[in-house]
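Data block below; observations after.
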Amino acid sequence: MHQVTIHTDGACKGNPGPGGWGALLESGDSRKELFGGELNTTNNRMEIMAVIQALSALKRPCHVSLYLDSEYVRKGITEWIAAWKARGWRTSTKAPVKNVDLWQQLDALVAGSGHRIDWHWVRGHAGHAGNEQADALANRGVELVRSQARSAA
């Protein structure tokens, strides 16, 4: 199986506010940078979106080592999602799961992609090179949507 290392991150200037997501994909000598954003979003939505966009960019099933600084995303997809689905996308307190649209999209992507994914949490802003690059890409996503908004105004 093809080996890919992915680093993802999300950023938000205000929460909610303009946000961005970034992903760095590396395999052998190949390197791909992805980023984007939304004008009115949250940090958690951008963290999930970074993973969705990174996995969606893969063209065939891969063994993925995915590094992220969001315990919300890592635990959400590896621990909490089965119970959310069993309860009809409700939390243990019967509240609707936040960001359910993105969780459903990520769940379908993970389940249907054929990827073998190893989820790794890293401390954000602690000098981890891949995480720092993903953070920089996420901030480029914020600037992209801000500049698009200025151009449209």
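Keep in mind that what you see is a predicted model, and the values were worked out from it rather than measured. Just the heavy atoms: all of them, side chains too, but no hydrogens, waters or symmetry mates, feed the values below.
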Nearest heavy-atom pair of [X] and [Y]: which atoms, and what distance?
X: His115; Y: Pro61; answer: ND1-CA, 3.5 Å
X: Thr41; Y: Pro18; answer: CG2-C, 4.4 Å
X: Ala50; Y: Gly22; answer: CB-O, 3.6 Å
X: Leu39; Y: Ala149; answer: CD1-CB, 3.6 Å

Can you name the residues that form a side-chain contact (heavy atoms from CB on, under 4.5 Å) with Pro96, not counting sequence neighbours? Arg90
Any chain of hydrophobic side-chain contacts (each under 4.5 Å) joining [X] to [Y]?
X: Trp119; Y: Trp121; answer: no
X: Val142; Y: Leu102; answer: no
X: Met1; Y: Val110; answer: no
X: Leu25; Y: Tyr67; answer: no

Got a sec, which residues hit ring-ring contact (aromatic ring centres under 6.0 Å, His included) with His2, two or more places apart in sequence or on another chain? none
Which pairs pass ring pair (Phe, Tyr, Trp, His ring centres under 6.0 Å) with one or both residues in residues 41-64, sequence neighbours excluded? none
Salt bridge or not for Glu33 and Arg31, using N-O below 4.0 Å? yes
Only one of Leu66, Leu68, Leu34, Val51 clears side-chain contact (heavy atoms from CB on, under 4.5 Å) with Ile6; which? Leu66
Within the 4.5 Å heavy-atom criterion, are Ser56 and Leu109 side-chain neighbours or not? yes
Please round to the nearest 0.5 Å and tell me the distance separating atom [atom1] of [X] and atom [atom2] of [Y].
X: Glu143; Y: Gln148; atom1: CD; atom2: CD; answer: 11.5 Å
X: Cys62; Y: Leu58; atom1: SG; atom2: CG; answer: 4.5 Å
X: Asp69; Y: Glu132; atom1: CG; atom2: CD; answer: 9.0 Å
X: Met49; Y: Arg45; atom1: CE; atom2: CZ; answer: 6.5 Å

So, the side chain of Glu47 versus the backbone of Ser70: is there a donor-acceptor pair under 3.5 Å, distance only? no
Listed once per pair and sorted, the side-chain hydrogen bond (donor to acceptor under 3.5 Å, both in side chains) pairs that draw on residues 7-23, sequence neighbours left out: Lys13-Asn139
What donor-acceptor contacts under 3.5 angstrom involve side-chain atoms of residues 72-85, with partners at least two apart or in another chain?
from, atom 1, to, atom 2, distance (Å)
Tyr72, OH, Asn99, ND2, 2.9
Tyr72, OH, Trp103, NE1, 3.2
Arg74, NE, Glu71, OE1, 2.7
Arg74, NH2, Glu71, OE1, 2.9
Arg74, NH2, Glu71, OE2, 3.3
Thr78, OG1, Arg74, O, 2.6
Lys85, NZ, Asp107, OD1, 3.4
Lys85, NZ, Asp107, OD2, 2.9

ILVMFWY clustering at 4.5 Å (side-chain atoms), partners of Phe35: Leu24, Leu137, Leu144
Please walk me through it: do Glu26 and Lys32 pass side-chain contact (heavy atoms from CB on, under 4.5 Å)? CA-CA 6 Å; Glu26 297 176 301; Lys32 185 172 192 172; over 6 Å; no
